[in-house]
Amino acid sequence: MNSAVVVFPGINRERDMARTLKLVSGSEPAMVWHAETALPSGTDLVVIPGGFSYGDYLRCGAIAARSPIMDAVRAFAGQGGLVLGVCNGFQILCESGLLPGVLMRNQALKFICRDVYLRVERSDTPFTRGYNAGQVVRVPVAHGEGNYIADGETIARLEGEGRVLFRYAAPDGMIDPNWNHNGAINAIAGILNDRGNVLGMMPHPENHVEPSMGPTDGRGLFAGLVDHLARAA
Amino acid sequence: MTSNEPKITPELVAEHGLRPEEYQRILDLIGREPSFTELGIFSAMWNEHCSYKSSKIHLRGLPTKAPWVIQGPGENAGVIDIGDGLAVVFKMESHNHPSYIEPYQGAATGVGGILRDVFTMGARPIACLNALSFGDPNHPKTRHLVSGVVAGVGGYGNSFGVPTVGGQVRFHTRYDGNNLVNAMAVGLAETDKIFYAAASGVGMPIVYLGSKTGRDGIHGASMASAEFGEGAEEKRPTVQVGDPFSEKLLLEACLEIMAKDCVIAIQDMGAAGLTCSAVEMGAKGDLGVELELDKVPCRETGMSAYEMMLSESQERMLMVLKPEKEAEAEAIFRKWGLDFAIVGYTTPSKRFVVKHGGVVMVDLPIKELGDEAPVYNRPFSDPPKRPVLKAESVRPPMALADALERLIGSPDLCSKRWVWEQYDHVILGNTVQRPGGDSAVVRVNDGPKALALTVDVTPRYCEADPFEGGKQAVAEAWRNLTAVGAKPLAITDNLNFGNPEKPEIMGQFVGCIRGIAAACKALDFPVVSGNVSLYNETQGRGILPTPSIGGVGVLDDFTGSASLAFKAEGEAILLVGETVGWLGQSMYLREICKREDGAPPPVDLTEERENGDFVRALIAGKTATAVHDLSDGGLLVALAEMAMASGIGAKLDAGPVDTPAHAFWFGEDQARYLLTVKASDAEKVMAQGRAAGLQVHQIGMTGGQALALPGERAILIKALAERFEQWLPMYMAAGAA
Amino acid sequence: MKARVTVTLKTGILDPQGKAIEGALKSLGVDGVASVRQGKVFDIEIAGADKSRAEAALKDAAEKLLANPVIENYRIEVTG
Amino acid sequence: MKARVTVTLKTGILDPQGKAIEGALKSLGVDGVASVRQGKVFDIEIAGADKSRAEAALKDAAEKLLANPVIENYRIEVTG
Ligand SMILES: Nc1ncnc2c1ncn2[C@@H]1O[C@H](COP(=O)(O)OP(=O)(O)O)[C@@H](O)[C@H]1O
Ligand SMILES: [Mg+2]
């Protein structure tokens, strides 16, 4: 798997992401600085990691979404390339127009770092083939602005087209406001673009992949991607 | 030295916090009247914060050496060797007053400052901790302060990208007008790539790095600077605003130029900014420094030499650069979007010369600026010894079960989840043990090595008996590191006290330091860095003496670390250490009996060491399945914490007949641990303990869904956990945002 | 030239911050507060003296970056 | 009654937000941007029709909560 991790000033989970990509896929990702205008040739997967790009000043992800490398990411996605945005990456994808909607401040107006439970809604996508539909996975979140909203029409489309891939849930998989820590509409934790090749999600699967460190539920996402790309090749 | 600077008057001198005799010392030293800018520089260098004038002679008594200490106190941070060519760089620092004035920014810039101290030395920060003391929960400002401080600590660390993995939060009315914010940062470096502040070589370029200089945090001459003209009020912000985004860039840029071998010396600009950093670099290297202020990147126009020299704008550094590396270093800083300017040179003269607009504004002997700072041996008086409170004299006002429920839901003992969930504690992917245990455990690189980190102090003990309290703070840190299986290596201290000009406060200070020193010596646990914060007083009333101790230990293999949660039903619960039932200064006495009196529990350092070594060996041998040290609240509270962490209860035996039950279960005797072992191992472990001359007794078995004490109603773990988690969120939700 | 761009949330978009402030003001006993919504202002210095050119630049700034049209409206004033 | 409280940073106080936005606008090529400072607005509905009473309440709100006088200035407008 040839992955590329895009690094904006202020991004701070790029090392976590790179370590996980290496661990699961066996190959080192390329680190791509925001001022570049092209992705390394042969890239199969672009990852925009978490952090506080440009301090998240103005709105989270807003400034990064307008940097030069994002034109290349847009073109890559336009050709069907796989793009994964995690946390700040999700926010950047929304701000850049690659995904609909916006991430508002958490309902409780506080940054929250804790393990949450996600219900995987579908397993027939490149991002979730490592899971079973309905499976509940435990991964950490760490954000102040993860409260997903979009207008009614957009939400209806996302739901209607099965583009909500992850939802915050109780450990038993039930959707329950008590387990929706940021107040996202329909408990949305991760969504797909209309073409199915761009995923944005708030939680950090990359932080739960090593057995010696604790839960490994995040691994399925990356393992699924490796598998998908291997088959496509 | 002309210009339109104000004339030096006795009032101006006083406003700079300099006493007449201190001013006389300046006159004697330089043989003339100082310029206004020079006065500002003296005031910055000779204030308590920079000169340690009240504390210096006492700090000298702290043990600072051990074979694993690479750098003790005196640099930006302490450095210890953890083997495999790796070093840990760490320090703790206070930002108390700013956090009272502007809680969010005050706390945020406190975190920013300590992170800079660590990465200035070439270390990548891998963890932060914080110790917070607030006033009475019912004081009208407390909630606002808690909310702002916690958001500020989190806001900076989360954005910078370092996990905040541990700390302390306490409430007491004695912090009403003086909340404490102590922030600790821990970084990792290679032992042969540590960077220091001492300049070397004459004619070397001095480079200014980072953010631009503004009029942030210029203290002292409030009236004097008002003479500068209209809008003086507007020009005099005393609160700095943090910019974690810039600091993150500064970190990456600094580590990059260090890796490229561009740096001779480097120093962050902290308190007294450019002044302190430039003087320190020169003085430590036995060199003079000449600065050209017209080259300093400024955020505002028309800044005077005085303002530039005293500005405390954040996210800045000063570096002595290898001249041949100039272009390379500059390119790195430009890439990260940061300012880079050569603002001066080292000189052979041992003088500190500052020019502005072609005029020499400052010309002072550089070594004397620091070395000749006044040193005071302030009078101190030992506080009266408090009587030892006999357990028999304390009547239990309620049943044990009720007391436990009340204690576990009290402000100091309740869960601090509300706080640490606002801190990203998992970023970097190395947090093996998250907040909530005895020590945080953070993997080093990809392991198997790991660090154990903790911050501890029990201010009520320090107040009742400074010497025992100082010992206890160190012993508790050592115990917490031991409880996860780590070998304790070294500490940083942050000494928060009231007004040192009062003999009784000075007595607390001296007593605590002596206690700290005694414990450090006995436990081979030297002090490698620290910070002193004095004058924490409002309306003549000082804070509780609060010497926060930040401890660092090492584990050879993180997968072998112990945690406090019970692991299985049917295991034997062992208590290590002697229990006499010490109620003086206990949480039970304060929260249940509403009394704060008596002598605090004495700390037997030999016992501390023997018990700790015994427990650590049981962890290393994988015999101990869960471990927890005993502290605030005593035995029953510790048991409750182990049970709540696991959801498994315990069936407990009756305590000894000759100790009152409430004293046995809630007494705060020191040097104790609780651990669980397989039932089949219990006899063997107790025999080992006896053979070593230690007290090791079985007190019950794990199992069930409650804590079952003989003769008491069962205490359901679930109900207990609800109380434990409830207080802080409820308290915070009850007030205005 | 000095200008101000004010960015406010569109009607109908939930404003948790505004709500929290509203609650806080009420519990502080501030008289008669019925609702609060929070927005942002940007005070911008623009080079040059041509007002209509400045306005065009500000519009550009607002649309390219300062406001997110999914949730926000903006208003421009050149103040002098 | 409708009112707006505008809270801005005092001169000289560092505005990291403004600085980052300024940089972004420049690199987006927005014409002539020299500096940006960011502030907040609060659009507040006040019950009753007494303007001076409303102003007093808003002043109270600004001082108690909306602005931190150490670093911020505020301005009140009752708009109708
Ligand atoms: N209480 C203390 N115990 C040990 N060392 C201390 C103590 N207080 C200060 N020091 C040491 O004195 C030096 C100067 O401290 P400080 O002025 O706080 O550093 P900085 O200039 O980095 O802010 C540091 O090396 C610090 O570690
Ligand atoms: Mg320093």
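Within every chain, numbering begins at 1; the chains are lettered A, B, ... in the order of the sequence lines, protein sequences first and strands thereafter. What you see is a predicted model, and the numbers here were worked out from it, not measured in a lab.
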Taking only residues two or more places apart in sequence, or in another chain, which ones meet B:N179 in a side chain to side chain contact (heavy atoms under 4.5 Å, CB included)?
B:S99, B:Y100, B:F134, B:L145, B:V149, B:V181
Do D:L14 and B:S313 have side chains that approach each other closer than 4.5 Å (heavy atoms only, starting at C-beta)?
no
More than 12 foreign heavy atoms under 6.0 Å from NZ of D:K26: is that the case here?
yes
Step through the shown structure and confirm whether more than 12 heavy atoms of other residues, nucleotides or ligands are within 6.0 Å of CZ on D:R75.
no
Is atom CZ of D:R53 surrounded by more than 12 heavy atoms (other residues, nucleotides or ligands) closer than 6.0 Å?
no
Look up atom CD1 in D:I71 and atom CD1 in B:I101, then write down how far apart they are to the nearest 0.5 Å.
11.5 Å
When you look at NE2 of B:H97, are more than 12 heavy atoms from neighbouring residues, nucleotides or ligands closer to it than 6.0 Å?
no
Considering only heavy atoms from C-beta outward, does the side chain of B:D243 approach that of D:K19 to under 4.5 Å?
yes
B:K141, NZ: over 12 other non-hydrogen atoms inside 6.0 angstrom:
yes
Value for NZ (D:K64) from NE2 (B:H144), rounded to nearest 0.5 Å, stands at 13.5 Å
Closest heavy-atom contact between B:E102 and D:N68?
OE2-ND2, 2.6 Å
Roughly how far, to the nearest 0.5 Å, is the CZ atom of B:R215 from the CD1 atom of D:I13?
12.0 Å
Correct closest heavy-atom pair for D:P16 and B:G242 would be CG-O, 3.6 Å
